[in-house]
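Note sheet for the following structure.
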Amino acid sequence: MEVAMAMAVKVLLSLCCVGACGLAVYLYHILWLVPQKVLAKFEDQKIGGPRPSFPYGNLADMREAAAAAKAARASARRSGSGGGGIVHDYRPAVLPYYEKWRKEYGPIFTYSMGNVVFLHVSRPDVVRDINLCVSLDLGKSSYLKATHEPLFGGGILKSNGEAWLHQRKIIAPEFFLDKVKGMVDLMVDSAQPLLMSWEERVDRNGGITDIKIDDDIRAYSADVISRTCFGSSYIKGKEIFMKIRELQQAVSKPNVLAEMTGLRFFPSMRNKQAWELHKQVRKLILEIVKESGEDRNLLSAILHSASTSRVGIAEAENFIVDNCKSIYFAGHESTAVTAAWCLMLLGLHPEWQNRVREEVHEVCRGQPVDSRSLQKMKNLTMVIQETLRLYPAGAFVSRQALQELKLGGVHIPKGVNIYIPVSTMHLDPELWGPDVKEFNPERFSDVRPQLHSYLPFGAGARTCLGQGFAMAELKILISLIVSKFVLKLSPHYQHSPTLKLIVEPELGVDLTLTKVQSVCTKRGTAI
Ligand code: HEM
């Protein structure tokens with residue numbers, strides 16, 4: 001009996017050993033050999049990059065460079081560099097490793113995070129081909145998909161192939177120009193609480209006040225997107241917005257374990273927080289769905305599509321919830337952050353602020369802003385375009401080769417993630433001229449930038465479908481603000497671009513406000 005037991009234990013141990021060895025070989029294969037094979041294919045094409053190490057690739061180098069950049073920023077803040085020393089190039093602060101590697105390896109190089117291989121591309125011919133490619137074989141990058149799952153699920157922002165095409169066809173018409181024109185009054189209404197509260201603060205403080213503008217601007221863009229998405233249920237929509245912002249914070253750091261292994265259900269503190277928020281947001285959205293009546297809004301278009309597709313209830317609910325969350329995130333965050341950067345730049349450049357104020361005055365002549373007057377605001381359009389060039393909210397246009405592809409003469413193996421650093425294209429002196437790091441909206445006055453040099457709204461088939469909506473929303477807010485207030489950058493302002501899914505001012509934007517007393521136009525001075 002004892003002998004049999006001992007034999008059984010031996011067999012079991014041997015099986016465990018074989019299993020453990022098999023697992024080790026398998027892990028070594030997927031974590032090291034597979035990415036090495038992909039990197040070798042690029043090396044054959046003379047495309048190199050920093051040497052990865054096992055098992056995290058170049059992650060350690062990236063963390064080290066990011067920590068050094070953070071320390072340098074903190075020390076600059078302690079020495080009080082303030083508003084005067086602003087350099088309009090967020091790359092050294094936000095993406096220091098890419099800058100280092102670009103200098104070493106040129107405009108196209110490889111690197112890896114864990115077993116995920118990336119191709120970093122700022123070579124114009126390759127970027128142009130990515131822009132022109134409409135094939136479903138070029139999809140959205142799946143890197144961070146596991147980390148961001150609670151925020152985006154299978155919604156339009158992250159999906160690929162036929163599923164993405166279906167969603168794009170449903171959502172895109174809701175943002176066509178005629179629809180956007182019909183939303184102008186709604187956007188003007190949404191700006192009123194901000195304008196009234198700022199006026200009240202200026203009056204209360206004897207005609208001049210300092211304001212950290214970020215929360216008020218976020219509230220404006222949340223109000224706009226809530227009304228657009230949810231019509232009369234927009235108050236509940238705002239509650240969703242608060243939770244989505246919390247969710248964004250909860251998933252803003254990559255979950256490396258989940259990305260490398262697919263183990264996204266590990267109950268870590270952060271995961272548990274994200275799941276709980278996801279559950280709450282889902283409940284709120286489905287409550288609105290139940291309450292929604294005859295309203296015509298984005299939600300009703302999504303609902304209609306879900307109810308006419310031949311899918312089960314759970315799948316239809318996921319479709320609704322994931323797309324509401326995606327539009328909510330896409331629609332309010334980048335617009336609010338762009339408005340904050342734009343007002344910072346106008347505070348820094350009083351000559352452009354005056355030009356915009358005069359233009360608004362001339363175009364509107366005391367009448368409320370409408371879609372026709374918005375179209376006539378050329379200086380304001382140029383200022384926003386220049387803001388988006390210097391401070392593009394999306395740091396990358398990210399893609400993945402879902403099949404082997406050839407772009408700009410480069411063979412890209414299946415599975416490789418392609419990242420285009422947007423600000424590197426926007427700050428290329430060869431494409432934009434020697435004053436590339438200066439705020440000069442005039443550069444947009446006559447020439448249209450080339451396809452590959454200007455990417456604030458992304459590229460090609462996946463380009464932002466809310467860009468007309470965003471431009472209208474930005475123009476309305478900024479024209480209303482500058483027509484009422486004179487803005488100056490506050491002495492408290494600290495330049496602090498940081499990457500939290502999008503590039504935002506970490507310490508906010510502080511402005512000093514006074515009321516506009518008079519406006520000098522070509523026709524004379526007016527109040
Ligand atoms: C200044 C404001 C905005 C900026 C800078 C911006 C930027 C972007 C960028 C960079 C992308 C990715 C494009 C790509 O991968 O090629 C994107 C996608 C998207 N944006 Fe925007 N966006 C803004 C406002 C909005 C608004 C207001 C909405 C809707 C209300 C919106 C809806 C979307 C959607 C649905 C997508 C996904 C498109 C797809 O994958 O098919 N965006 N946006």
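Values below: all heavy atoms of this structure, side chains included; hydrogens, waters and symmetry mates excluded. Just follow the structure's listing: the first ligand is 1, and inside any ligand the first atom is 1.
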Query raised in the report: Is there any salt bridge (Lys or Arg N to Asp or Glu O under 4.0 Å) pair reaching into residues 403-427, and which pairs are they, with sequence neighbours excluded?
Result: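 Checked against salt bridge (Lys or Arg N to Asp or Glu O under 4.0 Å) - neighbours excluded - no pair reaches residues 403-427.
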
Query - Residue-atom pairs from the protein, N, O or S only, that lie under 2.8 Å from atom 21 (Fe) of ligand 1 - result: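 Sorted hits: C464 SG.
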
Neighbour count above 12 (heavy atom, 6.0 Å) for [X] [atom1]:
X    : atom1 : answer
K158 : NZ    : yes
K212 : NZ    : yes
E351 : CD    : yes

So is [X] in contact with ligand 1, going by heavy-atom distances below 4.0 Å?
X    : answer
H332 : no
Q167 : no
I156 : yes

Query - Contact check: W164 vs ligand 1, nitrogen or oxygen atoms, below 3.5 angstrom - result: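 Yes.
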
Query raised in the report: Taking N or O atoms only and a 3.5 Å limit, does A393 qualify as a polar contact for ligand 1?
Result: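 For ligand 1, there is no N or O atom that lies under 3.5 Å from one belonging to A393.
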
Starting from [atom], what is the nearest protein heavy atom, named by residue and atom, and what distance separates them?
atom                    : answer
atom 37 (C) of ligand 1 : L157 CD2, 3.4 Å
atom 12 (C) of ligand 1 : K140 NZ, 3.8 Å
atom 40 (O) of ligand 1 : R462 NE, 2.9 Å
atom 10 (C) of ligand 1 : P456 O, 3.5 Å
atom 38 (C) of ligand 1 : R168 NH1, 3.3 Å

**Report entry** Candidate with minimal heavy-atom separation from atom 1 (C) of ligand 1, of T338, T387, I420, I502
**Finding:**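 When every heavy atom of T338, T387, I420, I502 is considered, T338 comes closest to atom 1 (C) of ligand 1.
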
Requested in this report: Run the ring-centre check on F444 versus Y454 and record whether the distance is less than 6.0 Å.
Outcome: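 Ring centres of Y454 and F444 closer than 6.0 Å.
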
Query raised in the report: Between V369, V383, L380, V356, which is the residue that forms a side-chain contact (heavy atoms from CB on, under 4.5 Å) with K475?
Result: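 With K475 as partner, side-chain contact (heavy atoms from CB on, under 4.5 Å) holds for just one option, L380.
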
Query raised in the report: Between E239 and K243, is there a side-chain N and carboxylate O pair less than 4.0 Å apart?
Result: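 Looking at K243 together with E239, the answer is no, because their closest N to O distance does not fall below 4.0 Å.
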
